[in-house]
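Report on the structure given below.
Computed from heavy atoms alone, side chains included, the values below leave out hydrogens, waters and symmetry copies. Below, chain A is the first sequence line, B the second, and so on; all start at residue 1.
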2 protein chains.
Amino acid sequence: MARRTGATSERIVGAAVRLFAAKGFDATTVQEVVDAASVTKGALYHYFGSKDDLLFEIYRSLIGRQMADLDRIVAAGHDAATTVRHILVSLVETTAESVDETAVFVREMHRLDADRMASFRAERRRYHETFRAVVEQAQEAGEFSSAVPADTAVLIALGVVNQLPTWYRPDGPKSPSRLGEEIADFILAGLRPERPDVRA
Amino acid sequence: MARRTGATSERIVGAAVRLFAAKGFDATTVQEVVDAASVTKGALYHYFGSKDDLLFEIYRSLIGRQMADLDRIVAAGHDAATTVRHILVSLVETTAESVDETAVFVREMHRLDADRMASFRAERRRYHETFRAVVEQAQEAGEFSSAVPADTAVLIALGVVNQLPTWYRPDGPKSPSRLGEEIADFILAGLRPERPDVRA
DNA sequence: CCTCAGGTACCGACCGGTCGGTATGCTCAT
DNA sequence: ATGAGCATACCGACCGGTCGGTACCTGAGG
């Protein structure tokens with residue numbers, strides 16, 4: 001039947017993600033990847049220049065999706081609380097459906113060479129700054145409490161999500177959206193302005 | 001396995017931690033470790049049975065310290081909010097002063113063999129359960145909000161700390177205790193009993 | 001219709017280098 | 001002299017990457 005272009009390279013990436021997540025990048029041999037993908041080394045090196053390229057490809061697609069989600073949500077122009085909620089739920093959802101990618105990403109990003117590390121840092125910084133700007137503006141407008149610096153709040157929120165692969169189980173009792181809501185609740189509680197009649 | 005702790009074996013572990021944190025466990029050769037520690041392979045294999053033993057030694061000492069702190073704090077028998085605050089500040093402090101150990105730990109724990117993985121999971125579970133029990137009892141007593149499950153709250157709190165090595169810089173503007181306080185503030189805000197009519 | 005040139009996708013045996021681990025022996029302190 | 005504490009030389013397995021080759025498709029020329 002008409003095989004779609006990229007079917008093979010996608011099988012390779014898929015196998016690589018699974019193995020890297022389970023055993024780590026260095027502990028996984030190229031041979032294991034091609035065996036799991038039912039191809040040979042020739043095929044892998046036909047599509048990818050190196051084992052590192054394979055790793056980078058995994059990051060690229062994950063970061064790309066997350067950045068697109070973030071931009072879309074912020075552009076929607078809701079109020080700060082709603083925006084933060086949407087960001088977190090969306091982030092938890094994509095993280096949950098890409099646990100392996102995220103686990104690999106969190107554990108092995110330090111393996112990137114200088115160039116790629118720089119481009120990765122730039123992307124992450126942009127994500128961080130965009131998120132922080134939302135929180136900061138809401139703090140200035142009095143919509144959020146300023147008790148905790150915007151920076152710290154964002155660091156906490158993103159830290160939680162990055163750590164998610166270590167404990168999230170797809171067959172657990174909570175759906176990703178439910179989890180996202182819970183986490184959003186928690187973060188928003190920390191940002192809720194104290195009301196005049198509330199004693200500290 | 002490590003025998004008596006002497007100056008040499010400590011130098012070896014110290015060098016290993018630094019290198020593992022900087023380059024990753026697999027990417028670091030034992031030759032690099034012994035060079036950095038100014039000893040030879042003979043010395044390393046005199047004290048440690050394998051490269052993996054070295055890794056495990058790093059975990060053991062870190063987990064040991066953290067469990068001891070936790071037990072001490074809980075045993076002090078303060079009220080829930082104070083206990084949670086102490087736990088988090090103490091955890092952030094030891095994590096900050098052992099950033100390398102924590103980074104290695106978070107990134108490479110999956111490399112443990114079955115036995116050690118089991119013993120590690122047991123320790124972590126005990127930490128988690130102890131922490132959760134504090135939160136849960138306070139929720140039942142009405143001291144904390146039950147809006148978010150105790151489980152999730154603990155997962156968030158520990159997630160933040162585990163992620164800390166990726167962004168914490170010892171030469172940054174905030175001291176570890178200050179950071180610990182900020183994080184504790186944030187977590188406690190999420191656990192503060194809600195007032196009527198609050199809407200997200 | 002057939003042929004052949006050229007391009008893409010893939011195969012798999014092989015290589016150079018590396019790395020964890022070991023064998024052996026020396027040197028002190030006890 | 002005996003064992004702890006190390007040094008040095010070395011090994012065998014393994015791994016990322018290569019490279020000559022194959023199979024198939026496409027399309028132009030005959």
Side-chain angles (χ1 to χ4, degrees), chain A residues 1-59 104 107-116, chain B residues 1-59 104 107-116:
Chain A
M1 201 25 232
R3 60 202 66 177
R4 286 176 287 158
T5 39
T8 301
S9 73
E10 276 164 24
R11 272 222 317 290
I12 295 173
V13 173
V17 168
R18 249 173 288 127
L19 287 165
F20 291 169
K23 310 182 43 177
F25 178 76
D26 286 299
T28 303
T29 70
V30 174
Q31 194 60 50
E32 286 172 332
V33 173
V34 299
D35 286 350
S38 301
V39 293
T40 61
K41 285 222 238 176
L44 191 150
Y45 282 95
H46 175 71
Y47 288 105
F48 304 94
S50 68
K51 195 185 174 189
D52 285 294
D53 274 8
L54 205 46
L55 189 60
F56 188 63
E57 191 53 35
I58 295 170
Y59 297 161
V104 172
R107 278 190 331 228
E108 320 271 7
M109 58 180 161
H110 67 285
R111 288 201 89 284
L112 292 174
D113 57 80
D115 281 355
R116 286 169 169 173
Chain B
M1 198 183 304
R3 280 149 217 164
R4 293 223 135 262
T5 39
T8 302
S9 73
E10 275 165 24
R11 273 223 317 289
I12 294 174
V13 173
V17 169
R18 248 173 289 127
L19 286 165
F20 292 169
K23 311 182 41 176
F25 178 76
D26 287 298
T28 302
T29 70
V30 312
Q31 192 60 51
E32 286 172 332
V33 173
V34 299
D35 286 350
S38 301
V39 294
T40 60
K41 286 220 246 179
L44 190 152
Y45 281 97
H46 176 71
Y47 288 105
F48 304 94
S50 69
K51 193 185 174 189
D52 284 298
D53 275 7
L54 207 45
L55 189 61
F56 188 63
E57 192 53 35
I58 295 170
Y59 298 162
V104 172
R107 280 195 326 232
E108 321 271 7
M109 59 180 160
H110 67 283
R111 288 200 89 285
L112 293 174
D113 56 78
D115 280 355
R116 286 168 170 173

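- Here the C1' atom of nucleotide D:dA4 and the CZ atom of B:Phe48 are 16 Å apart, to the nearest Å.
- Within residues 13-31 of chain B, the residues approaching DNA chain C are B:Thr28, B:Thr29, B:Val30, by heavy-atom distance under 4.0 Å.
- Within the 4.0 Å cut-off from OP1 or OP2 of C:dA9, at least one side-chain nitrogen or oxygen of A:His46 is found.
- Here C:dT22 presents its P atom at 18 Å from OH of B:Tyr47, a figure rounded to the nearest Å.
- Within residues 36-44 of chain B, the residues that have a heavy atom under 4.0 Å from DNA chain D are, in order of number, B:Val39, B:Thr40, B:Lys41, B:Gly42, B:Ala43.
- Look at CG on A:Leu54: it is 10 Å from P on D:dG17, rounded to the nearest Å.
- Protein atom CG of A:Asp35 is 11 Å distant from nucleotide atom P of C:dG12, rounded to whole Å.
- Evaluation of the ring pair (Phe, Tyr, Trp, His ring centres under 6.0 Å) rule for A:Tyr59 yields A:Phe105 as partners, not counting sequence neighbours.
- For A:Asp35, the side-chain contact (heavy atoms from CB on, under 4.5 Å) partners at least two apart in sequence or on another chain are A:Gln31.
- Listed nucleotides C:dT8, C:dT22, D:dG17 differ in distance to B:Tyr45; the shortest reach to its side chain belongs to C:dT22.
- Closest non-hydrogen pair, A:Tyr45 versus A:Ser50, comes out as CE2-CA, 3.9 Å.
- Judged as a ring pair (Phe, Tyr, Trp, His ring centres under 6.0 Å), and not counting sequence neighbours, the contacts of B:Phe25 are B:Phe20.
- Taking atom CD on B:Glu32 and atom P on C:dG21, their separation rounds to 15 Å, with Å as the unit.
- Minimum heavy-atom separation, A:Glu108 to A:Leu55: O-CD2, 4.2 Å.
- Residues forming a side-chain contact (heavy atoms from CB on, under 4.5 Å) with B:Ala36 (at least two apart in sequence, or on another chain): B:Ala15, B:Leu19.
- Considering every non-hydrogen atom in both B:Ile12 and B:Leu44, the closest pair reads CD1-CA, 3.8 Å.
- Remark: B:Asp26 engages B:Arg111 in a salt bridge, criterion side-chain N to carboxylate O under 4.0 Å.
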